[in-house]
Amino acid sequence: MGALVEVNTDGLAKLADTVGGWLGLNARAIELNAEAEAFAVVRRVDAENAATLARLEGEEQVANYIHAREKRKMENAKSVAQLAQSQMVEGEAVSSEPVNPDWINRFFSIVEEVSDSQMQRLWAQILAGEVKQPKSYSLRTLETLRNMTKEEADIFVKATTYILDGDSIITEPGFSLSVEEQLLLSDIGLVNNEVLTVTYTMQAQEEPSFIAVDRDFGVGIYNPDIPVIRLEFSVKSLTKAGKELVKLIDYTASDVVYKCVVAKSKQQRCKAVIKSPIVEHLPSGHCTYSKKGVILYQQDEK
């Protein structure tokens with residue numbers, strides 16, 4: 001068996017240092033002793049010491065339990081670390097800021113108990129993201145995900161298809177999650193329960209005004225004739241944990257979101273609505289859009 005983390009790029013070296021530091025080792029030691037699989041050795045020694053003590057006290061059944069429990073924890077944490085390695089791109093530049101030791105201790109104390117493969121992939125994305133840019137995921141976010149079931153995670157993934165402009169989910173009647181799903185997301189700390197109104201104000205102009213929908217597309221609204229229109233949407237904002245966790249999901253807006261924007265635009269007598277690809281995400285948080293798009297609605301000419 002190979003090393004827990006192979007060291008061959010800056011990003012991978014930092015990941016190895018981070019994991020190795022948690023074990024009391026360092027990346028170079030892991031690299032030079034690749035076949036020894038340092039992670040497994042350290043955890044196995046801990047388990048065997050505990051089991052040996054139990055056996056000395058005549059507790060064979062307890063010793064077997066300790067050994068099985070620690071082996072399971074070791075395999076879980078090892079799987080997450082190896083999945084995190086697969087998130088690193090060859091030659092990728094990462095922040096030189098080290099990962100906070102308290103953060104990494106909390107992280108591994110949690111993932112030792114995570115056996116579901118889908119949840120392990122989420123945790124691996126978090127580890128890779130934190131190594132690349134520390135402070136990307138707060139301790140509170142770790143605890144939120146820790147207490148989340150796979151079923152709850154699936155509902156959150158579903159909720160991302162209702163996201164408008166990156167940080168809120170639409171709650172318009174007929175264009176949203178069920179009330180029960182919204183309440184669940186509030187209960188587990190991913191969505192604020194307060195209903196807000198988001199207003200987009202658009203001046204009359206020949207070029208479309210855009211609303212970002214997901215990471216790949218925006219909706220362009222043509223309003224060449226009416227001096228000012230306002231599109232208002234009822235939404236619930238994502239919490240800090242929700243905003244951090246949504247970064248893990250390559251979400252795509254549901255057709256329901258586009259239908260909602262079209263319905264609002266028709267109410268305001270807009271001339272047309274198009275769906276256009278995002279060309280570039282700017283540092284300011286704004287986007288540039290392709291001039292070619294799909295027409296979602298066009299006002300009948302009279």
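Position 1 is the first residue of the sequence; numbering continues from there.
- Leu139 CG: more than 12 foreign heavy atoms inside a 6.0 Å radius.
- Tyr222 and Ile229 sit in two unconnected hydrophobic clusters of ILVMFWY residues. Membership requires side-chain heavy atoms under 4.5 Å apart, directly or through other members.
- Donor-acceptor pairing under 3.5 Å is lacking for the side chains of Thr144 and Thr141.
- Put simply, Val273 and Ile295 are part of two different groups of oily side chains (I, L, V, M, F, W, Y) that touch within less than 4.5 Å, one to the next.
- In the hydrophobic clustering of ILVMFWY residues, with side-chain heavy atoms under 4.5 Å counting as a link, Phe156 and Val114 come out together.
- Between the CD atom in Gln125 and the OG atom in Ser136 there is a gap of 12.5 Å [rounded to 0.5 Å].
- Taking every heavy atom of both residues into account, Ser176 and Ile170 meet most closely at CB-O, 3.2 Å.
- Hydrophobic clustering, with ILVMFWY side chains joined whenever heavy atoms are under 4.5 angstrom apart, groups Val157 together with Tyr137.
- When the options Val213, Asp216, Ile163 are evaluated for a side-chain contact (heavy atoms from CB on, under 4.5 Å) with Tyr251, the one that passes is Ile163.
- Applying the side-chain hydrogen bond (donor to acceptor under 3.5 Å, both in side chains) test to every pair with at least one member in residues 276-289, sequence neighbours left out, gives these pairs: Ser284-His286.
- Hydrophobic clustering, with ILVMFWY side chains joined whenever heavy atoms are under 4.5 angstrom apart, groups Val246 together with Leu185.
- Using a 4.5 Å heavy-atom cutoff, the side chains of Gln268 and Ile226 are not in contact.
- Considering all non-hydrogen atoms of both residues, Met88 and Ala128 come closest at CE-O, 4.0 Å.
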Does the pair Leu231 and Gln267 meet the rule for a side chain to side chain contact (heavy atoms under 4.5 Å, CB included), with working shown? CA-CA 9 Å; Leu231 302 187; Gln267 288 174 3; over 6 Å; no
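- To the nearest 0.5 Å, the span separating CG on Asp165 from SG on Cys287 amounts to 8.0 Å.
- Taking 4.5 Å as the limit, every side-chain heavy atom of Gln182 sits out of range of all side-chain heavy atoms of Val191.
- Cation-pi geometry between Lys275 and Phe217 is met: under 6.0 angstrom from the ring centre, within 45 degrees of the axis.
- A heavy-atom distance below 4.5 Å is found between the side chains of Leu183 and Val179.
- Of all heavy-atom pairs between Thr201 and Val228, the closest is CG2-CG1, 3.7 Å.
- Salt-bridge check for Glu143 with Arg106: passed, with a basic side-chain N closer than 4.0 Å to an acidic carboxylate O.
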Donor-acceptor pairs are to be reported for all side-chain atoms of residues 256-264 against protein atoms at under 3.5 Å, with residues two or more places apart or in another chain.
residue : atom : partner : partner atom : Å
Lys264  : NZ   : Glu172  : OE1          : 3.4
Lys264  : NZ   : Glu172  : OE2          : 3.1
Lys264  : NZ   : Glu232  : O            : 3.0

Could you walk me through whether Lys150 and Asp154 pass salt bridge (Lys or Arg N to Asp or Glu O under 4.0 Å), step by step? CA-CA 6 Å; Lys150 181 179 180 297; Asp154 288 340; 3.5 Å; yes
Residue pair Glu75, Lys78: steps toward the side chain to side chain contact (heavy atoms under 4.5 Å, CB included) verdict: CA-CA 5 Å; Glu75 291 300 329; Lys78 177 183 166 187; 4.3 Å; yes
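- Between Gln120 and Val111, the closest side-chain pair of non-hydrogen atoms is not below 4.5 Å.
- Taking both residues in full, the closest heavy atoms of Met148 and Ala153 are given as SD-CA, 3.6 Å, listed atom of the first, atom of the second, then distance.
- Two residues are said to be in side-chain contact when any heavy atoms from C-beta on lie closer than 4.5 Å; Trp103 and Leu142 meet this criterion.
- Contact between Ala84 and Leu127 at its shortest, heavy atoms only, is CB-CD2, 3.7 Å.
- With 3.5 Å as the limit, one finds no donor-acceptor pair spanning the side chains of Thr252 and Asp214.
- Across all non-hydrogen atoms, the minimal contact from Ser138 to Glu244 is N-OE1, 3.0 Å.
- Note: Lys14 NZ to Ser96 OG = 7.0 Å, rounded to the nearest 0.5 Å.
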Let me see the working for Phe107 and Val99 under side chain to side chain contact (heavy atoms under 4.5 Å, CB included), right down to the final yes or no. CA-CA 11 Å; Phe107 177 88; Val99 178; over 6 Å; no
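- Atom CD of Glu207 has 12 or fewer heavy atoms from other residues, nucleotides or ligands within 6.0 Å.
- Residue Cys270 holds its SG atom at 6.5 Å from CD1 of Ile221, rounded to the nearest 0.5 Å.
- Between Ser237 and Leu196, the closest side-chain pair of non-hydrogen atoms falls below 4.5 Å.
- Here the side chains of Arg72 and Glu112 are not in contact, with every heavy-atom distance at 4.5 Å or above.
- Residue-environment remark: NZ (Lys247) exceeds the threshold of 12 foreign heavy atoms within 6.0 Å.
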The test is side chain to side chain contact (heavy atoms under 4.5 Å, CB included); show your working for Leu248 and Arg121 and say whether it passes. CA-CA 10 Å; Leu248 304 175; Arg121 285 192 289 273; over 6 Å; no
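- In this structure, Lys236 is not positioned above the aromatic face of Tyr162 in the sense of NZ or CZ being under 6.0 Å from the six-membered ring centre and within 45° of the axis.
- Side-chain contact between Thr160 and Ile169 is absent, with no heavy atoms from C-beta onward closer than 4.5 Å.
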